[in-house]
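Excluded from the calculations below are hydrogen atoms, water molecules and symmetry mates; all remaining heavy atoms, backbone and side chain alike, are included. Atoms within each ligand, like the ligands themselves, are counted from 1 in listed order. Just so it is clear, the model here is predicted, and its values are computed rather than measured.
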Amino acid sequence: MSSPAPARNGAPAIAIRGLRKEFGSVVAVDEVDLDIANGEFFSMLGPSGSGKTTVLRMVAGFESPTAGTIELGGVDVTKDAPFSRDVNTVFQDYALFPHMTVAQNVEYGLRVKRVPRAERRTRAQEALERVQLGEYGARRPGQLSGGQRQRVALARALVNRPRVLLLDEPLGALDLKLRREMQVELKQLQRDLGITFLFVTHDQEEALTMSDRIAVFNQGRIEQVASPRDLYELPATPFVAGFVGTSNVLDGDAAIKLLGEPGTFSVRPEKIQLHLDASHVPTQHAVTAAGVVREVVYLGSATQSIVDLDHGGSLIVLRQNQQSSEEGDVAGRGAHVHLSWRREHTVPVTAG
Ligand code: ATP
């Protein structure tokens, strides 16, 4: 399958400016600005109702913005109909036609565009092979597994060779194991084809695994746009710190007592070490706190402890279960413990 044509003048694949959408009195999307590069795997992550699907639907052309513009490859498409935009959408429910064969489903878009039959066949077969379903063209969707149906939906979008693929929770209907497998496949496919992916998910792990960059949405606004690593290591707001992974937020008295300065800070549970004996605190750990273990939760590969601090508040500590002899293993409920971490692992977050 050939790669899509490059965008004009090196313009971003998608440029969104001042995008707003009101449904009656509900502001679903509020002043969103985004530039998504060609070939980028870009995710919109956020809780239910935060506006990510509405942004995707406006890029697809299924909704029209209340204000703002959308450019694809440097061309303003804000007022264009969905079929005249160089994008294709893969929906969570796949939207396959049950009475058609897999091959007919994949060919459908080409038939609408009046592509000659022989070319349709070849391109549909190519697309099916791309998603490892080369042998399944004669089946009907009802005769496929959930993961295979998902791949057909993908093939049906890829057959049009769009420059941009819009994916709305495409793995949402799959069980966890299959979902993880498909995440790897989808990422690989995107890399091989060089197509720009705009991907909607509320699953932070999924977004972290697959994306080049992620926009975190909250109440119709973007809180932060960053690479998975930066989003995790340097969350810009308490919302991002709490939504992407588990985080401890220190503010008020706790910040002043533990860190010696006022403000709001985040520290990830795996950065904190737990010791039974204060003399075991490593010298490079500038931040220390004493407390009592309130809860210990065994998570298989790791153990999570919740520690109530002597001077108020609590912290979550996560420890990999690598060695059975670590001190943390004997720090059961009620144990008096010492927590410590490196100062640079306390990240300032501005109140969002
Ligand atoms: P989810 O993950 O649940 O799909 P989301 O982040 O994609 O959530 P949206 O579907 O974009 O969120 O919805 C944003 C807000 O807009 C919500 O408050 C929702 O109820 C509202 N909304 C979305 N579509 C419509 C519509 N057609 N009519 C009225 N309100 C709508």
TODO: List for me each residue that meets salt bridge (Lys or Arg N to Asp or Glu O under 4.0 Å) alongside Arg333, sequence neighbours excluded, and say none if there are none.
DONE: none

Task: Nitrogen or oxygen atoms of Glu169 and ligand 1 under 3.5 Å apart - done: no

- [ ] May I ask you to check if ligand 1 and Gly51 share an N or O to N or O distance below 3.5 Å?
- [x] yes

Task: N/O separation below 3.5 Å, Glu63 to ligand 1 - done: no

Task: Phe42-Phe199 aromatic ring centre distance below 6.0 Å - done: no

- [ ] Please determine, by modelled atom types, if Ser279 and Asp277 share a side-chain donor-acceptor pair under 3.5 angstrom.
- [x] yes

Open item on the list: Is it true that His275 and Ser340 share a donor-acceptor pair across their side chains at a distance under 3.5 Å?
Closed with: yes

Task: Closest protein heavy atom to atom 16 (O) of ligand 1, given as residue, atom name and distance to 0.1 Å - done: Ala28 CB, 3.2 Å

- [ ] Would you verify that at least one protein heavy atom lies under 4.0 Å from atom 1 (P) of ligand 1, or report that none does?
- [x] yes

Open item on the list: Counting non-hydrogen protein atoms only, what is the nearest one to atom 13 (O) of ligand 1? Give residue, atom name and distance.
Closed with: Thr54 OG1, 3.8 Å

TODO: Counting heavy atoms only, name the option from Gly46, Gly49, Ser25, Ser48 that's nearest to atom 14 (C) of ligand 1.
DONE: Gly49

- [ ] Would you mind checking which non-hydrogen protein atom is closest to atom 21 (C) of ligand 1, with the distance to 0.1 Å?
- [x] Phe23 CD1, 4.0 Å

Task: Ring geometry between His338 and His336 (parallel below 30°, tilted from 30 to 60°, perpendicular above 60°) - done: perpendicular

Task: Residue and atom name of the nearest protein heavy atom (relative to atom 10 (O) of ligand 1), distance in Å to one decimal - done: Thr53 CB, 3.7 Å

Open item on the list: Going by a strict under-4.0 Å cutoff (protein heavy atoms only), does atom 19 (C) of ligand 1 have a neighbour on the protein?
Closed with: no

- [ ] Say whether, by atom type as modelled, one donor and one acceptor occur between the side chain of Arg149 and the main chain of Leu144 under 3.5 angstrom.
- [x] yes

- [ ] Establish, from distance only, whether the side-chain atoms of Thr66 and Glu22 form a donor-acceptor pair under 3.5 Å.
- [x] no

Open item on the list: Give the atom numbers and elements of ligand 1 that come within less than 4.0 Å of a heavy atom of Pro47.
Closed with: 6 (O)

TODO: Under 4.0 Å, heavy atoms only, figure out whether ligand 1 is touched by the backbone of His202, its side chain, both or neither.
DONE: neither

- [ ] Could you tell me whether the side chains of Asp76 and Thr69 share a donor-acceptor contact shorter than 3.5 Å?
- [x] no

